[in-house]
Amino acid sequence: MLFEFEDKNLNPIYEKVCAQERLSLEDGVTLWKTPDLLGVGYLANRVRERMNGDKTYFIHNRHINPTNICIHSCQFCAFGVKEDHPHAYEKSLGDIFSDAEKYNGGDVSEFHIVGGLHPDLPFEYYLDMLKGLKERFPLVHIQAFTAIELEYLAELAKLPLDETLIILKDAGLGSIPGGGAEIFAKRVRKKICGEKLIGEHWLSVHEAAHGLGLKSNATMLYGHLETIEERADHLVRLRELQDRTNGFVTFIPLAFHPENTVLNFLKTTPGQLDLRALAVSRLMLDNFPHIKAFWIMITPKIAQLAQSFGADDMDGTVVEEKIIHAAGAATDQIFHQDQIINMITEAGRQPVERDTLYENVEPRVTAV
Ligand code: V47
């Protein structure tokens, strides 16, 4: 064995990684618990390089958050507000189309659209949003509406979820973002988002979408009230669904930001935990093609380091982000393509521009 682990409990996991054997829930717990972070990073990097070589993917995307008005009051969320809140907003379709046009100078290939569950906007608003964007930007992939929003849209449409998804797909929905998964364990979910759909429903919305040919992403919110065992369980449940459908494209661990939330007595996650979350995800989610380090949440520097801890994706230009910034994220709103390319190159990786589903990819060899 070339690598000497500080924690000998990692030796059997190393054997499994070399043999490309699946890790167990207990292995997951060991990886979250061990003090040997570099050992975990080493293992994750082996898998990352086996699956994605030295490529780091990025995308030219634009986030759009149509409204922050929300019927729920999740304890971890600083974005959602009630209608009478001084910062409440709701964008008209005209505003959304003109936001979409503010491209930041490049060829955007994806709109990423998520928002609050507005009490009054009708189903047609969302349908016309998709149709209007597709009409104006036919080549741009629309990744929109978390599982929670989709379940709510089905209620608004007074239709079963499957039929709702088909209508949205016909109107231009290209894939589904990974938000809203939080942590599947009922114990925590009851505390942090008791009103919102249960973990099993999040999984079944994604399963239904996969069945209709819609790909999706998955997330896990960490660094709040969850235990290590609950994190390991969350990853195993995602892996089981992926075994059945193969519909997930990317996994994004989301670092909890406490500012302006009910959970503001908690601290922001340390960089070591952010790196570990990415590395353990890479090791446990052996059937997920990609692991994304979302620079907005964990800072560009940690996202850069993460490229040696299991991650192979940096997300993208983003342009305008409201959800995590409402909760205290101090990162910029936008990353220009040349900044992303430089960052990836500095990390010793090959920058590759991708589309949402990693179908059309283009290596960018030189920094601009
Ligand atoms: O659904 C909310 C989470 C999600 C906080 O699919 C918070 O490619 C941390 O899902 N601290 C929205 N997280 C963001 C999201 C996402 C981001 C980037 C890429 C993709 C993708 C998806 O953010 C929410 C919720 O799970 N969130 N509040 C907070 N205070």
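Start at 1 and go down the list; that is how both ligands and their atoms are numbered. Bear in mind that the values here come from a model prediction, so they are computed numbers and not experimental data. Heavy-atom basis, side chains included; hydrogens, waters and symmetry copies ignored.
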Answer side chain, backbone, both or neither: which part of P258 comes under 4.0 Å from ligand 1, heavy atoms only. neither
Minimum distance, heavy atoms only, to atom 16 (C) of ligand 1: which one of E149, H112, K292, H257 is it? H112
Atom NZ of K82 with >12 non-hydrogen neighbours under 6.0 angstrom: yes
Residues pairing under ring-ring contact (aromatic ring centres under 6.0 Å, His included) where one sits in residues 143-166, two or more places apart or in two chains, turn out to be Y126-F145
Please list the nearest protein heavy atom to atom 7 (C) of ligand 1 with its residue and the distance rounded to 0.1 Å. I324 CD1, 3.6 Å
Counting non-hydrogen protein atoms only, what is the nearest one to atom 25 (C) of ligand 1? Give residue, atom name and distance. E182 OE1, 3.5 Å
Restricting to heavy atoms, the pick from F76, Y222, F79 nearest atom 5 (C) of ligand 1 would be F76
Set of side chain to side chain contact (heavy atoms under 4.5 Å, CB included) partners for I69, sequence neighbours left out: T67, E83, A88, E90, H118, P119
Out of T356, L254, T268, who is nearest to atom 4 (C) of ligand 1 when you count heavy atoms only? L254
Counting heavy atoms only, which of L221, I252, T269, T250 comes nearest to atom 21 (C) of ligand 1? I252
So, are R349 and E49 salt-bridged, with charged N and O less than 4.0 Å apart? yes
Distance filter under 4.0 Å to A327 heavy atoms, resulting ligand 1 atoms: 30 (N)
